Amino acid sequence: APLLFEAIAGEARTRIREFNSHEMASTVWAFAKAAVAAPLLFEAIAGEARMRIYEFNSQDLANTAWAFAKAAVRAPLLFEAIAGEA
């Protein structure tokens with residue numbers, strides 16, 4: 001499974017602008033739930049999500065915040081954006 005997650009992370013980073021808010025939230029949630037480190041993926045999603053935070057519904061906001069916290073990935077600007085939407 002590690003190779004699968006590595007492949008997904010690599011592909012997702014290159015296509016992150018194509019993801020909708022639910023897909024971004026679900027992606028980081030899956031990596032956090034599986035306890036798979038993917039710092040570059042989380043960094044890419046943090047940047048994209050921050051710019052498009054207005055697209056996230058409350059469940060997507062919660063799942064994204066949970067995933068970053070569970071994975072212990074610091075993203076203060078993303079959390080500020082999430083707080084602004086809450």
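Please read these numbers as outputs of a predicted model, since none were measured by experiment.
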Worksheet item: How is the hydrophobic cluster of Y54 composed, in terms of its other members, when Ile, Leu, Val, Met, Phe, Trp and Tyr link through side-chain heavy atoms under 4.5 Å apart, directly or indirectly?
Response: none

Worksheet item: Which distance, rounded to the nearest 0.5 Å, do you find between the OG of S26 and the CG of D60?
Response: 6.5 Å

Worksheet item: Which other residues end up in the same hydrophobic cluster as W29, if Ile, Leu, Val, Met, Phe, Trp and Tyr are linked when side-chain heavy atoms come under 4.5 Å apart?
Response: W66

Item to complete: Return the set of residues passing side chain to side chain donor-acceptor pair (under 3.5 Å) with E55 (not counting sequence neighbours), or none when no residue passes.
Response: R52

Worksheet item: Does E11 have any side chain to side chain donor-acceptor pair (under 3.5 Å) partners at least two apart in sequence or in another chain, and if so, which?
Response: none

Practice prompt. Any salt bridge (charged side-chain N to carboxylate O under 4.0 Å, His left out) involving residues 18-27? Give me the pairs, sequence neighbours left out, ordered by first then second residue.
Written response: R15-E18

Worksheet item: Is any side-chain heavy atom of N63 less than 4.5 Å from a side-chain heavy atom of V28?
Response: no

Response to the item:
Interatomic distance, OG1@T27 vs CZ@R13, rounded to 0.5 Å, equals 12.5 Å

Atom pairs and distances, donor-acceptor, side-chain atoms in residues 68-83, under 3.5 Å, two or more places apart:
none

